[in-house]
2 protein chains.
Amino acid sequence: MPRPEIDIAGVFAPHDHKTCASRALDEAEARLLAEGARLTPVRRRTLEILLESHRALGAYDVLDRLAAEGFGRQPPVAYRALEFLVQHGLAHRLQRLNAFTACLHPGSDHNPAFLICRSCDKIAEANAGEVREALADVAGHGGFRVERATIEALGLCNACAEAEA
Amino acid sequence: MPRPEIDIAGVFAPHDHKTCASRALDEAEARLLAEGARLTPVRRRTLEILLESHRALGAYDVLDRLAAEGFGRQPPVAYRALEFLVQHGLAHRLQRLNAFTACLHPGSDHNPAFLICRSCDKIAEANAGEVREALADVAGHGGFRVERATIEALGLCNACAEAEA
DNA sequence: TTCTCCATGTTACAGAATAACAAGTCAACC
DNA sequence: GGTTGACTTGTTATTCTGTAACATGGAGAA
């Protein structure tokens, strides 16, 4: 097993979410400390909001929450906090959804593939190593060098598939 | 070679673009005829505009062109034509760019991976079969069934890489 | 203390997309 | 030939998404 294992099923199945979220927050703090970046109140709160669910939130959803809690109420407030989190690997942007989601494993593979359940809207990160290899391979045959790639899958998670049946 | 071969390098290298574009237009007409759908003037012109380059155009870029040629000048005019083309596999939407590009091989693999050159902005389609297999595989291990996937790579094409050196 | 960097907040705007409605076109059918 | 019905095109108006530019404020370094 050459790559760190990421727990996809754990996202979609019922789990102790408080622990799951607070662990991610702890890891985030540790990472930022190591990088000398500051987890200010807005940034921290933004991350907490994203961590409340395993879903993706639009920038304006986040902004509404922040504004209601006394932070600024103009778009750049949310966009800047989100951009900061993304740049430090603590959140991801989903291109298909124009939305953001918390990163559950800062530190491991920072270029995951995203699995978006069309039924419950939850998002899981999957290890994209092999997928990226296959992509680099086919691109390389055409003389194209891949630098960054967006890999987002829409489908049905295990829990929802069972519920449908 | 189990899948139809797609010519990536041919997009980025100089080539007889008139032939390349008119062939795609012919194929589009044939496809629509077979499906009983109509390639009306706006739709045809929209496709022609997309086919002028191997780049992606925003809906408003297309709209400007259409309006200048006497078609309607309101957003739905462009969005509807583009949506029609996408639904019939004659164009693709690029999520990363909020933009649209003509499909060069309607008929073959309709779920390609996209290769976007960050230098010349050209777009090539690559056969995504193996990439999708790898994705379905890693997702499947987590109990997730992939239905549709967005695969878009940003990087450097051969021609631009040589030009940089 | 003062200077500088960074963070936060604002106003104003640009860009992307859609809802809802009015009117024209065209083929099929009586 | 006229009518019906599906589809296409066009509009107005609005919503959602994202950024540029500028003013203020705080925290640490000199």
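Quick note on labels: first sequence line is chain A, next is B, and so on, each numbered from 1. For the numbers below, each heavy atom of this structure counts, side chains included, while hydrogens, waters and symmetry mates do not.
Protein chain B contacts DNA chain C from dA16(C) to dA19(C), reading 5' to 3' and using non-hydrogen atoms of the protein with a distance under 4.0 Å. On the nucleic acid side, DNA chain D contacts chain B at distances under 4.0 Å to non-hydrogen atoms, with the end points of that region at dT8(D) to dT12(D).
Near DNA chain D, meaning a heavy atom under 4.0 Å away, the residues from residues 59-95 of chain B are F71(B), G72(B), R73(B), Q74(B), P76(B), V77(B), R80(B). Only at 4.0 angstrom or more do the heavy atoms of residues 42-52 of chain B sit from any atom of DNA chain C, so none qualifies.
Taking the six-membered ring where the residue is Trp, the centroids of F114(B) and H92(B) are separated by under 6.0 Å.
Among residues two or more places apart in sequence or in another chain, the side chain to side chain donor-acceptor pair (under 3.5 Å) test is passed with R96(A) by T150(B). When the side-chain contact (heavy atoms from CB on, under 4.5 Å) test is applied to Q87(A), the partners found at least two apart in sequence or on another chain are E83(A). Remark: A99(B) engages A56(B), L97(B) in a side-chain contact (heavy atoms from CB on, under 4.5 Å) (not counting sequence neighbours). Shown here are the side chain to side chain donor-acceptor pair (under 3.5 Å) partners of Q95(B), two or more places apart in sequence or in another chain: there are none. Residues satisfying the side chain to side chain donor-acceptor pair (under 3.5 Å) criterion with H15(A), sequence neighbours excluded, are H17(A), H54(A). By the side chain to side chain donor-acceptor pair (under 3.5 Å) test, E29(A) is found to be paired with R44(A), residues two or more places apart in sequence or in another chain being considered.
Distance alone, capped at 3.5 Å, places no donor-acceptor pair between the R31(A) side chain and the G89(A) backbone. The main-chain N or O of A161(A) is never found under 3.5 Å from a side-chain atom of R145(B) such that the two would form a donor-acceptor pair. At least one donor-acceptor pair closer than 3.5 Å links the side chain of D61(B) to the backbone N or O of G58(B). At least one donor-acceptor pair closer than 3.5 Å links the side chain of R132(A) to the backbone N or O of N111(A).
The C1' atoms of five pairs define one axis at each end of the helix from dT1(C)-dA30(D) to dC30(C)-dG1(D), and these two axes lie 10° apart (to 10°).
Between E48(A) and R65(A) there is no salt bridge, since none of the side-chain N atoms of the basic residue sits less than 4.0 Å from a carboxylate O of the acidic one.
The shortest side-chain heavy-atom distance between L57(B) and F100(B) does not fall under the 4.5 Å cut-off.
Of all heavy-atom pairs spanning A126(B) and I6(B), the tightest one is C-CD1, 4.4 Å.
Applying the ring-ring contact (aromatic ring centres under 6.0 Å, His included) definition to pairs two or more places apart or across chains, those involving residues 55-85 of chain B are F84(B)-H88(B).
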